[in-house]
Amino acid sequence: MDFKSILTGWYKQNRRDLPWRSTSNPYYIWVSEVILQQTRVAQGLAYYQRFTNTFPTIYDLANAHEDTVLKVWQGLGYYTRARNLHNAAKLIVNQHNGKIPPEYSELIKIKGIGDYSAGAIASFAFKKAVPAIDGNVYRIIARIFGVFSLPTSAQGKKDFHQIVMDLMDKEAPDTFNQALLDFGALQCVPKSPKCGDCPFQDYCYAYRNNMIDSLPVKGKKLIPRDRYFTYLLIQFGYNTFISKRKSKDIWHSLYEFPLIETEKALSPNLLHKHKALKEWVGTKGYTIIYISDMVKHLLSHQTLHTRFVIIRIDSISKKLSQECTMVPTSEVSHYSTPKLIDNFLAAEPAAKYFLSPQDFH
DNA sequence: AAAGCGGGGCA
DNA sequence: TGCCCAGCTTT
């Protein structure tokens, strides 16, 4: 039996029933593909439901405010995905009559749709015979056919693309591509793949040569950089201060509290003397209510060490009025915030000293 | 070609 | 703790 027959046979028995597979609406398929970029199905599922319920059509998404889109995306990470999706929806509504282009060559031009997603949308929604090569496919192809090219290199991408194109079931490219994804996610998994009952066992290069753990070839890993944050949760009556992140840095367009970033960890002792603290709270008088322990938050490329400080003030500093928005403390949760902040707001100290009504006398 | 960009789950 | 997930964009 040839490759696609074996794969299709496996797929009939093992396919996952996923909501974006029971629709032919290109908008829903597009949304699912963007949500699932670098994101597990298990994690993306609830976001897909929430996103499509909140924005049932591309017009609803196009007409929404960016903050609303980001709030729905909150906690999922890689927030540029949400902003690109939103901007692309506006562009498609305004310039393409709301119709998502069916060709790979047009899809790839849309910001936020790369090689994989263009192939996935073209094949799943429009039955085009183009590959949709993601991490699953690199792994499967590298192992079964003994491909040692580095998937992240330009040459590697060509090699894998050519192989998948040759294997492709041109009569049913959607099923073929989906089968590859499921096979990679369920059977040919990264660690301890289920070779024991694998239908490709007989001619899998990696299995026959005992090289399961060395294929696919991996690039070098990057070392996360340490950063030290001190967030100031400043209370003025029943209000607090937030600002929107705008620099080319993590969490672009999300909201946060006044931030002091330092080269090294800022101890409570040093915080009291720190110039930036005075600038934020002013000179008129302030009371530090609470200083948290250091919280470690891991990103793929940075390790954040963060202290949360709850402060009460009697007057608003120039810096606060210039750089922040004052909002009722009870409404902070309406804004899209990084998981790091979200976590602290959900924890006991914030509930006790920050979010709950205080007696100011 | 390499770096930047989140967060979570699992061995 | 390290790896990797339905990757893409910018440098």
Side-chain angles (χ1 to χ4, degrees), chain A residues 15-16 18-21 28-48 70 73-85 87-88 107-125 131-140 142 150-157 160 164 174 176-186 188-193 213-214 216-225 227 245 247-254 296-304 336-343:
Chain A
R15 82 183 285 273
R16 291 179 289 184
L18 300 168
W20 45 87
R21 286 190 181 157
Y28 289 153
I29 292 170
W30 174 34
V31 169
S32 76
E33 289 310 328
V34 176
I35 286 177
L36 292 171
Q37 288 165 4
Q38 289 290 282
T39 304
R40 291 171 191 281
V41 167
Q43 188 188 2
L45 207 43
Y47 283 88
Y48 172 82
L70 286 169
W73 206 270
Q74 174 173 312
L76 192 56
Y78 288 147
Y79 298 94
T80 301
R81 290 185 293 175
R83 297 193 297 119
N84 283 339
L85 188 56
N87 288 330
L107 289 163
I108 193 75
K109 294 177 185 169
I110 297 170
K111 195 169 284 189
I113 297 181
D115 191 39
Y116 162 76
S117 298
I121 297 167
S123 63
F124 298 162
I133 305 176
D134 75 330
N136 291 303
V137 181
Y138 286 124
R139 188 169 58 253
I140 296 163
L150 191 61
T152 52
S153 71
Q155 186 58 47
K157 289 185 201 310
F160 284 95
V164 175
D174 51 342
F176 177 82
N177 284 339
Q178 281 163 356
L180 276 176
L181 299 183
D182 278 9
F183 188 75
L186 301 175
C188 194
V189 292
K191 273 180 286 190
S192 307
D213 290 327
S214 39
V217 176
K218 299 171 191 68
K220 67 174 196 289
K221 61 175 188 289
L222 51 77
I223 294 139
R225 147 174 93 100
R227 297 177 73 176
R245 290 181 67 88
S247 56
K248 283 166 63 174
D249 195 354
I250 56 174
W251 302 328
H252 189 280
S253 299
L254 271 65
K296 189 197 276 193
H297 186 77
L298 301 173
L299 306 181
S300 54
H301 57 306
Q302 297 179 12
T303 302
L304 308 178
S336 180
T337 50
K339 193 69 182 170
L340 168 64
I341 289 176
D342 209 31
N343 288 343

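Naming: A, B, ... by sequence-line order, numbering from 1 per chain.
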Q: In whole angstrom, give the distance that lies between atom CD of Q74(A) and atom P of dG8(B).
A: 11 Å

Q: Could you state the atom-to-atom distance from CZ of R225(A) to C1' of dA3(B) in whole Å?
A: 11 Å

Q: Applying salt bridge (charged side-chain N to carboxylate O under 4.0 Å, His left out), name anything that partners R139(A), two or more places apart in sequence or on another chain.
A: none

(Q) My understanding is that only residues two or more places apart in sequence, or in another chain, count here; which of them pass salt bridge (charged side-chain N to carboxylate O under 4.0 Å, His left out) with D182(A)? (A) R16(A), R21(A)

Q. For H301(A) and dG4(B), is the shortest distance between a side-chain N/O and OP1 or OP2 below 4.0 Å?
A. no

Q. R81(A): what forms a salt bridge (charged side-chain N to carboxylate O under 4.0 Å, His left out) with it, not counting sequence neighbours?
A. none

(Q) Could you tell me if the side chain of L254(A) sits less than 4.5 Å from the side chain of I341(A), heavy atoms only? (A) no

Q | 5′-ward residue of the pair L340(A)/L222(A) relative to DNA chain B | A | L222(A)

Q | Euclidean distance, atom CD of residue Q155(A) to atom P of dA1(B) [Å, nearest integer] | A | 9 Å

Q: Just jot down the ring pair (Phe, Tyr, Trp, His ring centres under 6.0 Å) partners of F124(A), sequence neighbours excluded, or say none.
A: none

**Q.** Whole-Å gap separating P (dC5(B)) and CG (L304(A))
**A.** 10 Å

Q) Given that S153(A) and Y79(A) both sit by DNA chain B, which one's nearest nucleotide is further toward the 5' end? A) S153(A)

Q | Distance between C1' atoms of dC4(C) and dG6(B) (Å, rounded) | A | 13 Å

Q: For H252(A), report the nucleic acid contact type (base, sugar-phosphate, nothing); a contact means any heavy atom under 4.0 Å.
A: nothing

(Q) Considering every strand and a 4.0 Å limit on heavy-atom distances, what is the contact class for G75(A): base, sugar-phosphate, or nothing? (A) sugar-phosphate

Q. Rounded to the Å, how far apart are L150(A) CG and dA1(B) C1'?
A. 10 Å

Q: Describe the nucleic acid contact of A154(A) in one word from base, sugar-phosphate, nothing, applying a heavy-atom distance below 4.0 Å.
A: sugar-phosphate

Q.
Checking the side chain of S336(A) only, and the main-chain atoms of L70(A) only, is there a donor and an acceptor separated by less than 3.5 Å?
A. yes

Q.
Nearest whole Å is fine: how far is dG2(C) C1' from L299(A) CG?
A. 16 Å

Q: Starting from P on dC5(B), measure out to CZ on R83(A) and report it in whole angstrom.
A: 12 Å

Q. Could you write nucleotides 4-11 of chain C as a row of B, S and -, 5' to 3', where a protein heavy atom under 4.0 Å of any base atom gives B, of only sugar-phosphate atoms gives S, and otherwise -?
A. BBBBSSSS

Q: Tell me, please, which residues at least two apart from W251(A) pass ring pair (Phe, Tyr, Trp, His ring centres under 6.0 Å).
A: none

Q: Send over the distance from I341(A) CD1 to dG7(B) P, rounded to a whole Å.
A: 10 Å

Q. If you measure from the C1' atom in dA11(B) to the same atom in dA6(C), how many Å do you get, rounded?
A. 22 Å

